[in-house]
Protein chains: 2
Amino acid sequence: MPGRKISVSAKDVAARAGVSRAAVSRTFTPGASVSQETRSKVLEAAEALGYQVNHLARGLTSQKTGIVALIGADLATPYRSELIRVLTERLQASGRVAILINTDRSDSTVDVALQQAIRYRAEAAVVLSGMPERSISELCHRNGLRLVLINRDDAHTGSVQIRLNDAEAARVALDSFLRAGCRRLALASSQAGTPSLLDRENGFLAEAEKRGLPVLCERLGPTSYESGLALGERLLVRAERPDAVFCTTDLLACGVMDAARHRFALSIPDDLSVIGFDDIEQASWNAYELTTFRQPVEEIGAAAVDWLSDRDAADGSRIIHLTAPMSWRKSVRGGNGK
Amino acid sequence: MPGRKISVSAKDVAARAGVSRAAVSRTFTPGASVSQETRSKVLEAAEALGYQVNHLARGLTSQKTGIVALIGADLATPYRSELIRVLTERLQASGRVAILINTDRSDSTVDVALQQAIRYRAEAAVVLSGMPERSISELCHRNGLRLVLINRDDAHTGSVQIRLNDAEAARVALDSFLRAGCRRLALASSQAGTPSLLDRENGFLAEAEKRGLPVLCERLGPTSYESGLALGERLLVRAERPDAVFCTTDLLACGVMDAARHRFALSIPDDLSVIGFDDIEQASWNAYELTTFRQPVEEIGAAAVDWLSDRDAADGSRIIHLTAPMSWRKSVRGGNGK
DNA sequence: TTGTAGGCGTTATCAT
DNA sequence: ATGATAACGCCTACAA
């Protein structure tokens with residue numbers, strides 16, 4: 001027999017307490033009818049034996065496992081890890097558990113992660129990066145797996161999208177540069193090409209074009225500090241050196257700032273104004289004091305968990321729009337924009 | 001009946017394929033004997049229906065859920081999130097899944113997290129911060145939950161501790177300062193008082209005392225950048241200003257460096273040498289170039305997962321010692337220590 | 001209030 | 001190779 005009994009079960013407790021298994025079950029089911037006496041007998045036996053209800057077996061009958069999968073790549077990134085912190089906290093507060101699926105390795109795409117989530121009968125999956133194939137999302141639907149898509153496109157049935165005002169924020173960034181007296185505009189982004197990155201890029205570019213302003217535009221590598229460094233180099237060697245750079249991400253912005261200061265001995269914001277996006281912790285560090293847009297992580301977490309708790313929302317898709325407020329610090333010439 | 005059937009089961013597949021449930025089970029059990037014909041019938045039906053094996057039910061009989069709990073606070077911290085990234089990746093590579101339990105909120109201690117892990121019949125729990133009560137670790141043992149304690153004290157049966165050479169590293173730090181010609185030594189730490197922090201503090205202090213050197217010593221708040229900032233203020237206002245600070249954590253070190261530069265206009269390493277611990281990503285950023293000790297996260301992950309795969313190790317406790325190599329950068333006067 | 005019985009989706013055992 | 005049958009640990013009618 002593979003794996004003899006390894007943990008204590010309700011049966012053991014029932015035996016020790018001298019009651020039926022059902023009595024044990026009832027004792028641990030909120031709002032069931034048990035007499036005070038048996039209840040305490042059961043509790044005592046459970047305590048002595050170290051019994052914990054098996055949620056897996058419970059989920060088998062009740063069809064509610066309480067498991068929610070968090071799926072994404074670059075889990076150690078400041079913004080991503082912050083989101084994970086918030087989500088786990090709120091999920092737990094609502095009586096659920098998070099399973100975390102890392103899709104960094106090339107052999108583990110979002111699709112296989114979703115299949116894994118189904119195998120563990122997760123009630124929902126929160127997709128933090130990458131995009132599920134259309135076909136796989138049908139699979140999810142058929143298995144009762146609800147989808148929360150954070151900052152990605154293309155909702156399917158039984159899913160929510162949570163989106164930010166990326167394009168508008170980009171326009172605000174442009175406007176801030178202009179009011180600060182900057183004229184040689186630049187845009188720095190990665191090549192990731194995710195929906196939110198694209199929206200920020202296009203929002204900035206479109207607004208500049210509308211005003212007839214040229215923008216020096218570079219896209220490079222993954223969304224990382226190193227890319228920002230390289231981006232800074234490329235942008236700042238130009239003869240016509242930019243005096244303002246909108247970075248689609250704070251990580252990129254930190255890299256650009258460091259390139260400006262340490263490779264070109266430029267001063268920020270006097271020689272160069274910088275605006276980022278995300279408001280990662282480092283953006284507020286004294287070394288950066290980066291003006292940026294704050295990802296409303298708490299609101300995102302709340303929205304996701306609220307939607308999960310809303311049984312009626314299970315079919316049909318929804319889009320929730322949240323806004324990323326500007327966080328003024330010191331990387332833009334001329335103060336707080338007022 | 002609460003919750004009608006929500007996902008497709010082996011029964012459904014069996015019905016559609018015209019075979020028994022057992023045949024379906026065998027098809028999805030590696031190394032079971034099924035004829036090529038039934039196998040393909042099953043596979044086809046499974047594909048059409050979108051069937052995924054239910055790992056929860058599987059774990060019920062096999063006693064192996066494949067679930068490992070990651071338990072900790074400050075999940076969004078650079079070092080912590082990096083560790084989580086590595087662990088999830090390696091756990092997945094070994095065919096397991098991580099459930100992530102956040103103990104930030106005061107009502108969710110390590111103990112309740114462990115109980116949660118037991119309820120989900122996790123095979124093991126990796127404790128990243130905090131310490132389980134003695135009594136609860138007995139509970140874990142009784143429920144077959146193995147414990148991996150990273151950088152904490154006090155192993156119990158059925159658990160591994162993974163420890164670093166914290167004290168030795170601290171001695172190396174002291175030595176480096178001395179060779180750089182620093183004489184006014186300081187130590188900056190948080191009040192967290194975790195085993196590894198304590199070892200670093202005591203290692204530094206003990207070695208200094210051995211050599212008859214006084215050390216200015218400050219401990220403050222949680223282990224964060226802000227604490228580092230405050231620590232820097234306190235240390236550097238002194239009349240006898242330190243010319244070297246050993247910070248027990250990189251996050252503290254970044255704060256101290258920023259305080260030195262931005263509040264006291266000091267230059268690093270000319271006016272002040274700094275050494276940290278962890279080698280978080282930011283330590284390598286141009287703004288810091290911090291000399292520090294690298295947490296061997298990959299090795300930690302590997303050790304943890306290897307131990308989990310070693311069935312013989314299930315009883316009896318072990319301590320695994322790993323070393324944190326020094327990472328020379330530019331925050332110590334006089335170069336690379338050679 | 002309590003116990004009995006059946007079912008949840010699997011896997012393991014035992015015949016066939 | 002295949003199918004019936006009995007667990008696994010729990011929940012929930014249903015009957016007592």
Side-chain angles (χ1 to χ4, degrees), chain A residues 1-42 45-46 49-67 118-122 143-144, chain B residues 1-42 45-46 49-67 118-122 143-144:
Chain A
M1 65 210 67
R4 31 171 280 283
K5 203 192 55 171
I6 245 191
S7 60
V8 14
S9 74
K11 192 158 118 186
D12 302 329
V13 178
R16 172 158 183 145
V19 299
S20 72
R21 273 170 285 189
V24 179
S25 178
R26 278 190 274 261
T27 302
F28 290 98
T29 302
S33 70
V34 217
S35 73
Q36 201 47 248
E37 191 190 337
T38 38
R39 174 184 205 82
S40 59
K41 273 197 293 187
V42 167
L49 260 28
Y51 169 70
Q52 297 287 131
V53 177
N54 184 336
H55 267 54
L56 269 27
R58 171 179 281 181
L60 212 51
T61 46
S62 66
Q63 298 284 20
K64 298 163 89 355
T65 58
I67 296 177
I118 293 175
R119 288 191 211 104
Y120 280 92
R121 293 302 184 264
N143 281 282
Chain B
M1 63 211 66
R4 34 171 278 282
K5 203 192 56 174
I6 244 189
S7 59
V8 14
S9 73
K11 193 159 118 187
D12 303 328
V13 178
R16 172 159 182 143
V19 298
S20 71
R21 273 171 284 195
V24 178
S25 176
R26 279 190 273 261
T27 302
F28 290 98
T29 302
S33 68
V34 217
S35 74
Q36 200 47 249
E37 192 189 336
T38 38
R39 175 185 206 80
S40 58
K41 274 197 293 185
V42 168
L49 260 29
Y51 169 70
Q52 298 286 132
V53 177
N54 185 336
H55 266 55
L56 270 28
R58 171 179 281 180
L60 211 52
T61 46
S62 68
Q63 300 283 18
K64 297 164 88 1
T65 58
I67 295 177
I118 293 176
R119 287 191 212 103
Y120 280 91
R121 292 303 185 265
N143 281 282

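These numbers were taken from a predicted model, which means no experiment stands behind them. Per chain, numbering begins at 1; letters A, B, ... match sequence-line order.
The phosphate of C:dT10 (OP1 or OP2) has no side-chain N or O of B:Ser62 nearer than 4.0 angstrom.
Across all strands shown, A:Ser33 has heavy atoms under 4.0 Å from base atoms, whether or not it also approaches the sugar-phosphate. Among the heavy atoms of the strands, none lies under 4.0 Å from B:Arg119.
To the nearest 0.5 Å, atom CG of residue A:Asn54 and atom CZ of residue A:Phe28 are 12.5 Å apart. Once rounded to the nearest 0.5 Å, the distance linking CG of A:Leu56 with CD1 of B:Ile67 reads 5.0 Å. Here the CZ-OG distance, from A:Arg58 to A:Ser25, works out to 7.5 Å after rounding to the nearest 0.5 Å. Note: B:Ser62 OG to B:His55 NE2 = 9.0 Å, rounded to the nearest 0.5 Å.
Residues from residues 14-27 of chain A that place a heavy atom under 4.0 Å from any atom of DNA chain C, listed by number: A:Val19, A:Ser20, A:Ala22, A:Ala23, A:Arg26. For the segment residues 50-60 of chain A, residues with any heavy atom less than 4.0 angstrom from an atom of DNA chain C are, sorted by number, A:Leu60.
Taking atom CD on A:Glu37 and atom P on C:dT2, their separation rounds to 8 Å, with Å as the unit. Rounded to whole angstrom, the span from the NZ atom of B:Lys64 across to the C1' atom of C:dA12 amounts to 16 Å. A:Lys11 has its NZ atom 16 Å from the P atom of C:dG3, to the nearest Å. Atom CD in B:Gln63 sits about 13 Å away from atom C1' in C:dT10, given to the nearest Å. Between the C1' atom of D:dC10 and the CZ atom of B:Arg121 lies a distance of 10 Å, rounded to the nearest Å. In this structure, CZ of B:Phe28 is placed 15 Å from P of C:dG9, rounded to the nearest angstrom. Rounded to a whole Å, the CG atom of A:Asp12 is 10 Å from the P atom of D:dC8. Atom CG in B:Leu49 sits roughly 13 Å away from atom P in C:dG9 (whole-Å rounding).
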Name every donor-acceptor pair, under 3.5 Å, that has one atom in a side chain of residues 30-38 of chain B and the other anywhere in the protein, sequence neighbours excluded.
{"residue": "B:Ser35", "atom": "OG", "partner": "B:Thr38", "partner atom": "N", "Å": "3.2"}
{"residue": "B:Ser35", "atom": "OG", "partner": "B:Thr38", "partner atom": "OG1", "Å": "2.7"}
{"residue": "B:Thr38", "atom": "OG1", "partner": "B:Ser35", "partner atom": "O", "Å": "3.2"}

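Residue pairs meeting the salt bridge (Lys or Arg N to Asp or Glu O under 4.0 Å) criterion with at least one member in residues 7-26 of chain A, sequence neighbours excluded: A:Lys5-A:Asp12.
In the helix from C:dT1-D:dA16 to C:dT16-D:dA1, the end axes, each obtained as the rotation axis mapping the C1' atoms of four pairs onto the next four within a five-pair block, lie 40° apart to the nearest 10 degrees.
Nearest heavy-atom pair, B:Val24 versus B:Tyr51, reported as atom, atom and distance to 0.1 Å: CG1-CE2, 4.2 Å. Here the closest heavy-atom approach between residue B:Leu60 and residue A:Ala57 is recorded as CD1-CB, 3.7 Å.
Residues meeting the side chain to side chain contact (heavy atoms under 4.5 Å, CB included) test with A:Ile118, sequence neighbours left out: A:Arg121, A:Leu139, A:Cys140, A:Asn143, A:Leu145, B:Gln52.
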